[in-house]
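Below, each value reflects all heavy atoms present in this structure, side chains not excepted, and no hydrogens, waters or symmetry copies.
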Amino acid sequence: MSVQISPSILSADFARLAEEAKAVEGADWLHVDVMDNHFVPNLTLGLPVVESLRKATDTPLDCHLMIENPDRWAPAYVEAGASSVTFHAEAATAPVRIAREIRAKGARASMALRPATPIEPYEDLLPELDMLLIMTIEPGFGGQPFLDIMLPKIRRTRALIDKHGLDLWLQVDGGVSAETIERCAEAGADNFVAGTAVYGADVPAAAVRALREQAAAVHRH
Ligand code: DX5
Ligand code: ZN
């Protein structure tokens, strides 16, 4: 299991997105939180900003869609330049169709679960996905405290991935920091979103390296 870090630009300065994207070059992904003020009580950015970010950085874009009707919108985010597109299980009408459309357009397909959504009903869908995102906060805002109550779900998800022998990344998002990343890694996560912990640091690229090293040390043991 190799560790991947995906800094979330939600915690960056939105008036300087190009510079902020460059500040984390060396990260595996740039996590882009798309919010529509319906699925979550916050509004961020959409397709035109993703298109511009694509031109502003070489880091692949990991688009996390916190929007209603991802059936309608997810494929367009691949066209806009996302290399990975995550839709929410709770918002999707036809998750298998969405995942297949994302893959057909050439990106990695990922599905997210809010804290109250269990993994078990989705066991049979896992082969359709390249990544599963377990929210470790209620989605909508950065800077919220990590929900330790999600650790058992991370463990159960890792067990399902292993049971089926799948090459599926397990991402965690929300409150991931130097204080919490080891717990996530120990529970079986291998892809870590971090907003405040990266962009709140004096040197964001150094924070990415430190988080990666902490998680990798857990996986080595
Ligand atoms: C919130 C977003 C997260 C957010 C995480 O709904 O999905 O990606 O940026 O921010 P931190 O790392 O500060 O919890
Ligand atoms: Zn996110």
Side-chain angles (χ1 to χ4, degrees), residues 3-67 70 73-74 76-88 107-108 110 112 131 133-147 169 171-181 184 189 191-215:
V3 169
Q4 299 180 70
I5 307 292
S6 188
S8 170
I9 53 144
L10 184 62
S11 302
D13 178 351
F14 272 36
R16 300 169 42 249
L17 282 181
E19 276 168 67
E20 296 279 65
K22 283 191 179 23
V24 295
E25 276 174 359
D28 303 276
W29 296 90
L30 187 65
H31 186 83
V32 181
D33 289 300
V34 177
M35 304 187 189
D36 66 353
N37 201 34
H38 291 272
F39 183 71
V40 288
N42 195 8
L43 184 68
T44 54
L45 53 85
L47 288 166
V49 177
V50 171
E51 279 170 23
S52 294
L53 274 172
R54 173 66 289 163
K55 294 174 204 142
T57 179
D58 292 331
T59 308
L61 304 182
D62 163 30
C63 280
H64 177 192
L65 307 183
M66 284 159 279
I67 60 173
W73 293 105
Y77 281 86
V78 185
E79 285 162 16
S83 299
S84 175
V85 176
T86 301
F87 60 89
H88 266 266
R108 297 179 61 91
S110 164
M131 185 166 80
L133 164 52
I134 297 195
M135 293 302 304
T136 43
I137 53 167
E138 287 291 357
F141 300 93
Q144 302 180 73
F146 179 80
L147 293 174
W169 298 344
Q171 186 176 62
V172 284
D173 181 9
V176 176
S177 69
E179 285 68 48
T180 58
I181 194 168
C184 296
N191 186 309
F192 305 86
V193 177
T196 310
V198 169
Y199 282 106
D202 291 340
V203 183
V208 169
R209 286 192 294 273
L211 288 169
R212 187 196 303 284
E213 184 43 44
Q214 271 188 290

Report task. With sequence neighbours excluded, tell me which residues meet ring-ring contact (aromatic ring centres under 6.0 Å, His included) with Phe39. Result -> His88
Kindly say whether [Y] contributes a backbone atom to a donor-acceptor pair with the side chain of [X] at under 3.5 angstrom?
X: Tyr199; Y: Glu20; answer: yes
X: Arg54; Y: Thr57; answer: yes
X: Gln144; Y: Glu138; answer: yes
X: Ser110; Y: Thr86; answer: no
X: Asp62; Y: Ser84; answer: no
X: Gln171; Y: Met131; answer: no
X: Thr136; Y: Leu147; answer: no
X: Ser52; Y: Val49; answer: no

Query raised in the report: Does CH2 in Trp73 sit with more than 12 non-hydrogen atoms of other residues, nucleotides or ligands closer than 6.0 Å?
Result: no
Quick one: closest heavy-atom pair of [X] and [Y], and the distance?
X: Asp13; Y: Ala15; value: OD1-N, 2.9 Å
X: Val50; Y: Leu61; value: O-CD1, 3.8 Å
X: Ala194; Y: Val176; value: CB-O, 3.8 Å
X: Ser11; Y: Gly195; value: OG-C, 3.2 Å
X: Pro204; Y: Ala23; value: CB-O, 4.0 Å
X: Ser6; Y: His31; value: OG-CB, 3.2 Å

Query raised in the report: Val3 and Ile181: side-chain contact (heavy atoms from CB on, under 4.5 Å), yes or no, with the steps?
Result: CA-CA 11 Å; Val3 169; Ile181 194 168; 5.9 Å; no
To the nearest 0.5 Å, how far apart are [atom1] in [X] and [atom2] in [Y]?
X: His64; Y: Tyr77; atom1: NE2; atom2: OH; result: 12.5 Å
X: Met66; Y: Phe87; atom1: CE; atom2: CZ; result: 14.5 Å
X: Met35; Y: Leu45; atom1: CE; atom2: CG; result: 9.0 Å

Query - side-chain contact (heavy atoms from CB on, under 4.5 Å) partner of Val193, the single match among Asp173, Val172, Leu10 - result: Asp173
Query - salt bridge (Lys or Arg N to Asp or Glu O under 4.0 Å) involving Arg108 - partner list, sequence neighbours excluded - result: none
Requested in this report: Could you give me the CA-CA distance, side-chain angles and deciding distance for Phe192 and Leu211, then say whether side-chain contact (heavy atoms from CB on, under 4.5 Å) is met?
Outcome: CA-CA 9 Å; Phe192 305 86; Leu211 288 169; over 6 Å; no
Report task. Evaluate the criterion side-chain contact (heavy atoms from CB on, under 4.5 Å) for residue pair Arg212 and Asp28; output intermediate values, then yes/no. Result -> CA-CA 10 Å; Arg212 187 196 303 284; Asp28 303 276; 2.8 Å; yes
Query raised in the report: Quick one: does Thr59's side chain get under 4.5 Å of Val24's, heavy atoms only?
Result: no
**Report entry** Intermediate values then yes/no, side-chain hydrogen bond (donor to acceptor under 3.5 Å, both in side chains), Asp33 and Thr44
**Finding:** CA-CA 7 Å; Asp33 289 300; Thr44 54; over 6 Å; no
